[in-house]
Amino acid sequence: MIVFLQSVLSGLLVGGVYALIGIGLTLIFGVMRVTNFAHGELLMLGMYLAWLAFTGLHVDPFLSIVLVAPAMFLWGAFLQKSFVNRVLGALPQNQILLTIGLGLIMSNTVMLIFTSDYRILTTTYSSSSYKLAGLSISQPLLYAFLITVAITGALYWFLLKTDTGQAIRATAQDRDAAQLMGINVRRMSVLAFGIGSALAGTAGALISPTYYIFPQVGSTFTLKAFVIVVLGGMGSVVGATLGGIIIGVAESLSAVYIASGLKELVTFVLFLALLLFKPAGLLGKTRA
Amino acid sequence: MRTRLPVPLPSRAPRGYSVVGLLVFVAAVAALAIFPQFVKKPYVLHMGVLLFLAVIQGQAWNVVGGYAGQYSVGHAAYFGVGAYVTMMLLEVNKIAPWWGVWAAMAASVLLSLVIGSITFRLRGPYFVLASISVAEIIRLATLYFKDLTRGAEGFLLGEIPTMNLLGNEILFIGKRPFYFVGLGLAVVAVAVNWVVQHSKLGYYFQAIREDQDAAHSLGINLSFYKNVALSISAALTALAGGFYAMFVKFIDPNTVFGLDVSVQIVLLCIIGGIGTIIGPVIGAVVLVPLSEILRNPKGLVQVGVLPPDSGFVTFVERYLSNAHLLVYGILVVLVILFAPEGVLGVIRRAATRWGRRPQDVPPAAAKA
């Protein structure tokens with residue numbers, strides 16, 4: 001029982017960060033209908049920024065998000081304005097190939113600068129954990145989870161209560177109608193891509209104390225992010241939050257009860273099953 | 001919208017064959033066949049083999065991606081199965097690769113039928129995601145089931161047995177034999193594409209590509225023909241995989257099942273131009289030398305293009321050799337943004353502009 005609870009708990013903590021990655025992706029898809037295959041690479045950039053801030057400026061990775069998030073927002077907005085915006089009306093395949101290309105450029109440029117060596121960001125609390133009723137809670141994962149909860153809360157508030165947030169949601173619901181209502185949909189797209197990229201970068205910074213940092217780390221996360229988003233329903237922010245948690249727990253459970261080498265395989269099998277039987281996801285609406 | 005939609009070039013499958021086209025093809029193959037008599041540098045022949053390999057991969061993907069319009073980004077699955085089955089039959093069961101590769105192709109076709117039956121119900125981004133996930137599942141399984149596949153350790157090829165072809169003994173030593181085998185297989189791949197393009201099958205595929213629902217309403221069995229396209233493609237990709245394993249002599253799950261492999265296969269076609277026979281060839285000619293020079297710039301010195309103390313070699317080795325995929329990234333972004341029909345499309349557009357004289361322009365268009 002204690003093993004079960006322990007694995008659910010660690011799954012939950014990781015799942016929180018997964019949720020953050022998924023929310024960014026789903027926001028981009030929801031507002032622009034663009035499937036962003038460079039999402040994991042944005043996360044990878046966040047990891048490297050946090051690592052740079054840590055080794056260069058001695059900034060704690062969890063504090064560095066105040067630098068990483070704005071930087072990644074600007075980078076995302078730049079990518080949207082100069083590349084993604086040009087393929088908004090193109091076939092989905094071409095959007096996918098464009099973002100795959102952008103991802104390749106990012107990961108290989110990072111490889112040119114930092115080589116393909118694995119980097120580790122070791123903080124004083126990297127391997128320490130809290131003990132609670134026989135369960136151990138990894139400190140860095142707990143901090144990451146708490147920050148994720150705070151950010152997700154702030155994002156919900158932003159999307160639900162502010163005018164800009166409502167404009168973003170309106171654009172996601174119906175681009176043409178939103179434009180007719182006087183919403184600057186182009187600006188919303190830039191904003192959505194910027195926020196999505198900032199969230200991915202932040203997630204990268206949050207997991208930098210617990211994961212290996214290397215240029216190709218992104219592709220795993222891109223796929224994972226899609227699994228999360230499709231699970232929750234493409235375009236649904238609540239769905240992505242839920243999806244992240246589910247995938248985190250599912251991975252953690254299958255690592256314990258099946259085999260740790262197979263946890264990602266299990267995720268993909270679940271994903272295929274989901275695509276076949278409920279392609280709209282848990283919370284998404286079926287689209288023609 | 002400012003974006004031009006990508007229009008795969010021929011909107012109709014050509015019937016019959018053009019004598020000029022056939023002559024050019026035969027002449028090109030003949031020239032490539034006698035080429036090693038004049039140039040014996042291993043690096044050049046090595047590049048040739050890689051080029052043929054890319055042509056086979058590109059033509060293979062073209063059948064399902066170019067004609068039938070199903071953008072599979074999981075072709076590493078078939079490539080890897082081709083490589084692994086051929087390699088394992090040789091290393092474990094001592095079956096010569098020219099027999100083993102048939103088993104590999106059969107395995108790959110079976111796999112494609114399973115994958116096809118799952119993924120072809122999906123469309124657009126969902127299909128792409130499903131095809132990637134299937135390839136990833138196979139990669140992770142290969143890594144995990146070590147008893148059968150040796151996991152991350154991979155397979156190192158001992159030696160290829162001597163082939164007895166019509167009384168001649170062929171030793172697979174050096175680059176030359178691989179060059180000729182590669183050329184032969186590339187010709188087969190091109191021929192398969194030509195047959196597909198010129199048969200009824202090609203019409204069905206293109207109808208599905210242009211408008212699935214319309215094709216369906218005309219009585220085309222969508223899942224049947226998509227699966228036929230994928231099976232042909234899978235068989236050719238497995239052939240490429242088997243050839244790759246024998247040529248490179250080492251395979252592991254990440255090099256043959258990796259997402260990079262799938263992406264490279266797609267990019268070969270996208271950059272050249274999809275849905276045509278010459279497109280993947282152009283893609284291979286553009287991409288293979290570029291990425292190979294970045295990976296191993298010393299080869300240029302061996303060939304004599306660059307002096308031994310060239311600064312270019314040191315620069316590339318130091319900074320770029322690890323990042324040869326950067327070229328793919330940059331090229332695909334440029335192609336998608338500025339030339340969605342690929343390099344071939346750009347050439348054709350330039351050719352029409354060049355060839356069109358003022359009187360050819362209809363008066364209405366000329367006024368506008």
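Ring planes of A:Y118 and A:F214: parallel class, angle under 30° (limits at 30 and 60°). Note: B:Y84 and B:F257 have parallel aromatic rings, judged against thresholds of 30 and 60 degrees for the angle between ring planes.
Residues B:Y71 and B:W61 place their aromatic rings such that the two centres sit under 6.0 Å apart. Taking the six-membered ring for Trp, A:F271 and A:F226 have ring centres at least 6.0 Å apart. Between B:F250 and B:F155, a ring centre-to-centre spacing not shorter than 6.0 Å is recorded.
Within the 4.5 angstrom heavy-atom criterion, only side-chain atoms of B:I270, from C-beta onward, approach chain A. Contacts between B:V266 and chain A at a heavy-atom distance below 4.5 Å involve the side chain alone, from C-beta outward. A:T109 touches chain B through backbone and side chain together, each having a heavy atom under 4.5 Å away. Of the atoms belonging to B:V333, heavy atoms from both backbone and side chain fall under 4.5 Å from chain A. Heavy atoms closer than 4.5 Å to chain B are found in both the backbone and the side chain of A:L97. Both the backbone and the side chain of B:I118 have a heavy atom closer than 4.5 Å to some heavy atom of chain A. Residue contact with chain A, scored on non-hydrogen atoms closer than 4.5 Å, involves the backbone and the side chain of B:L129 alike. Of the atoms belonging to A:L98, heavy atoms from both backbone and side chain fall under 4.5 Å from chain B. Both the backbone and the side chain of A:V269 have a heavy atom closer than 4.5 Å to some heavy atom of chain B. Looking at A:I105, the atoms closer than 4.5 Å to chain B (heavy atoms on both sides) sit in the backbone and in the side chain alike. For a residue to count as touching a neighbouring chain, one of its non-hydrogen atoms must lie under 4.5 Å from one of that chain's; by this rule B:L334 does not touch chain A. Contact of A:I96 with chain B is made through the side chain alone, with heavy-atom distances under 4.5 Å.
Under 3.5 Å, the side chains of A:S189 and A:R175 contain a donor-acceptor pair of N or O atoms.
Chain A forms the most heavy-atom pairs under 4.5 Å with one residue out of B:L259, B:V335, B:L140, and that residue is B:L140. Most heavy-atom pairs under 4.5 Å with chain B, from the set A:T35, A:L272, A:L262: that is A:L262. Each of A:L223, A:V266, A:I113 has some count of heavy-atom pairs under 4.5 Å with chain B, and the biggest count is that of A:L223.
Atoms CD1 and CD, from B:I265 and B:Q59 in turn, are 12.5 Å apart once rounded to the nearest 0.5 Å. Between B:L267 atom CG and B:Q264 atom CD the span is 7.5 Å, to the nearest 0.5 Å.
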- Going through the distances and angles, do A:K224 and A:E264 end up as a salt bridge (charged side-chain N to carboxylate O under 4.0 Å, His left out)? CA-CA 9 Å; A:K224 212 169 273 181; A:E264 276 162 342; 3.5 Å; yes

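Under a cutoff of 6.0 Å and an axis angle of 45°, B:R209 and B:F205 do not form a cation-pi pair.
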